[in-house]
Student: 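Pasting in a structure now, in structure tokens, and then I'll have a few things to ask.
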Protein chains: 2
Amino acid sequence: MPAKENLRPGGRSARVQASVHNAVQSLLKSMDRADVTIPLIAAEAGVTPSTIYRRWGELQELLADVAVERLRPDMLPIDTGSARGDLEVWTEQYCEEMSSGIGRDMMRDVLAAQDNANACKCDAFTREQIALIADRARDRGEYFPDIDAVMDGVVAPIIYRILFGEMPSIERVRDLVTNVLAAASTRPPRPASAPISG
Amino acid sequence: MPAKENLRPGGRSARVQASVHNAVQSLLKSMDRADVTIPLIAAEAGVTPSTIYRRWGELQELLADVAVERLRPDMLPIDTGSARGDLEVWTEQYCEEMSSGIGRDMMRDVLAAQDNANACKCDAFTREQIALIADRARDRGEYFPDIDAVMDGVVAPIIYRILFGEMPSIERVRDLVTNVLAAASTRPPRPASAPISG
DNA sequence: TCCATTAACGCAAATTATTTGCTTTTAGCG
DNA sequence: CGCTAAAAGCAAATAATTTGCGTTAATGGA
């Protein structure tokens, strides 16, 4: 299950990794994911299959590895001038990305892998984006809820519905934001969680 | 991707399915899930591998199929005499089951499958259990929140955290229940969601 | 009850994927 | 610049998956 951590960062090793990642993305665009195999990826990347087997072990791990890179936020949350606006806009965009076919597939890939490190990374990405919005709100002197409250109140319901079969409507998403902002000003912060082992 | 729907319900076909399901459960108990293969399951079940390939297509679909059966609730929510008590007890038990190694593996199996019908089933199971608690509350004349509010406020945060790396503490779980019950009596019901296509 | 129909199964051969032992290349470092 | 070992390539061995075809038996109608 070791993926791209603790490997030689330079030269050929990095080139191979990039080439394999590109090959995966390219193949996923042009064909059904059920037909993507490791020998196929290897051919597309110009690498021998055993290299992929030794580095990623299974297709699932490689797909998770590629997916988490694509899920990494590539821009700052839009600054609308208010905490509510920032959170609303960010949430709507997040929901749209995640509920698209590609977003759902990537999430599935990340969750399907044996190694849950990639899932943790995705959670961290989301928290970072919300933290940026929160910081901005505090700089403006606005109140903003705890990150955990936003994760529970906004992110979790959206992701749950996407994973378990219903896509949330835009009205519901706005509602979630409204409720978490309303609750924030009337409830004390909540206790923290414990990290999971396996 | 057709799993066990629209197949001949009687005799041999049903026997084979039961035998394969049992074989999967038995093997998952005695060995690492990464080492469970279709030929192995076939041998344990006393069937030929091609039968499994033709019926389930991939190991992932079979695992999802078995997992969803194990996730089906096998008893009514405990009646504690009050809506709050019922929901608290049910939630704590649900959280415990889902965050155990077996529960997480089963959820992973269900979500990893191409076919999301099994995931929808799991969602439906959960909603049914909550609906039973809600019905009981109404029979007693107690107010009870909308099922969707409980899914968003209690179930989704628990599942999100289990999937994305943190196990919720019992205090947080109680908090979620408290909040959804508090909100229920002060907020109007929310609009419904739209089903997902793919 | 018996027969016709056909879905589902079993078997085995063909194909494809995965693992493994060994050799070659090259990144990292003194 | 040369050493060392991690990572890659290659090819043979093993294992999984697909497929064609004959057999079994569930279902439905006479």
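Below, read A as the first sequence line, B as the second, and so on, with proteins coming before strands; counting in each chain starts at 1.
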Student: Output yes when at least one side-chain N/O atom of B/Thr51 is less than 4.0 Å from OP1 or OP2 of C/dG10, else no.
Tutor: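 B/Thr51 to C/dG10 OP1/OP2: side-chain N or O found under 4.0 Å.
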Student: Can you find an N or O donor on one side and an acceptor on the other, under 3.5 Å apart, linking the side chain of B/Ser13 with the base of C/dC9?
Tutor: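 Such a pair does not exist between side chain and base.
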Student: Any N or O donor-acceptor pair linking the side chain of B/Arg54 to the base of C/dG10 at under 3.5 Å?
Tutor: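 Flag set: donor-acceptor pair detected.
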Student: Taking only side-chain N and O atoms of A/Thr37, does any of them lie within less than 4.0 angstrom of OP1 or OP2 on C/dA17?
Tutor: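 Checking A/Thr37 against C/dA17: at least one side-chain N or O falls below 4.0 Å of OP1 or OP2.
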Student: Using modelled atom types only, decide if a donor and an acceptor are shared between the side chain of B/Ser99 and the backbone of B/Ile162 within a distance under 3.5 Å.
Tutor: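 No: the side chain of B/Ser99 does not pair with the backbone of B/Ile162.
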Student: Main chain of B/Gly81, side chain of B/Arg140: is a donor-acceptor contact present, judged purely on distance under 3.5 Å?
Tutor: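 Pair found, side chain donor or acceptor close to backbone of B/Gly81.
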Student: Using whole Å, report how far CD1 of A/Ile52 lies from C1' of C/dT16.
Tutor: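 The answer, rounded to whole Å, is 16 Å.
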Student: Within this structure, what is the CG-to-C1' distance between A/Asp35 and D/dT17, rounded to whole angstrom?
Tutor: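 Rounding to the nearest Å, CG of A/Asp35 and C1' of D/dT17 are 14 Å apart.
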Student: I need the CZ-P distance between B/Arg15 and D/dA25, as an integer number of Å.
Tutor: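 So the two atoms are 8 Å apart, to the nearest Å.
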Student: Could you tell me the separation between the CD1 atom of A/Ile38 and the P atom of D/dA16, rounded to a whole number of Å?
Tutor: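 Rounded to the whole Å, the gap is 15 Å.
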Student: To the nearest Å, give me how far apart CD (A/Gln17) and P (D/dA6) are.
Tutor: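 Atom-to-atom, A/Gln17 to D/dA6, this comes out as 18 Å.
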Student: Taking the side chain of B/Tyr53 as heavy atoms from C-beta outward, which of C/dC9, C/dA12, D/dT17 is closest to it?
Tutor: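 Of the options given, the side chain of B/Tyr53 lies nearest D/dT17.
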Student: Report the distance from atom CH2 of B/Trp56 to atom C1' of C/dA8, rounded to the nearest whole Å.
Tutor: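 For the pair B/Trp56 CH2 and C/dA8 C1', the rounded distance is 11 Å.
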Student: Ignoring hydrogens and angles, answer whether the base of C/dC9 and the side-chain atoms of B/Ser50 contain a donor-acceptor pair closer than 3.5 Å.
Tutor: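 No, no donor-acceptor pair under 3.5 Å.
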Student: Output yes when a side-chain donor or acceptor of B/Thr91 lies under 3.5 Å from a complementary backbone atom of B/Leu87, and no otherwise.
Tutor: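 Between the backbone of B/Leu87 and the side chain of B/Thr91 there is a qualifying donor-acceptor contact (under 3.5 Å).
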Student: Check whether B/Leu181 and B/Leu132 end up in the same hydrophobic cluster, where Ile, Leu, Val, Met, Phe, Trp and Tyr are linked by side-chain heavy atoms less than 4.5 Å apart.
Tutor: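 Looking at the clustering, B/Leu132 is in a separate group from B/Leu181.
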Student: Look at B/Arg12 and D/dT24 and indicate whether a side-chain polar atom (N or O) is within less than 4.0 Å of OP1 or OP2.
Tutor: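 Answer is no, no contact under 4.0 Å.
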Student: Among the candidates D/dA8, C/dG10, D/dA16, find the nucleotide nearest to the side-chain atoms of A/Arg55.
Tutor: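 Selected nucleotide (nearest to the side chain): D/dA8.
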Student: How many Å lie between CD on B/Glu58 and C1' on C/dA17, as a whole number?
Tutor: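 After rounding, the reported distance stands at 14 Å.
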Student: Quick one: closest heavy-atom pair of A/Ile38 and A/Leu59, and the distance?
Tutor: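 So the two residues come closest at CD1-N, 3.6 Å.
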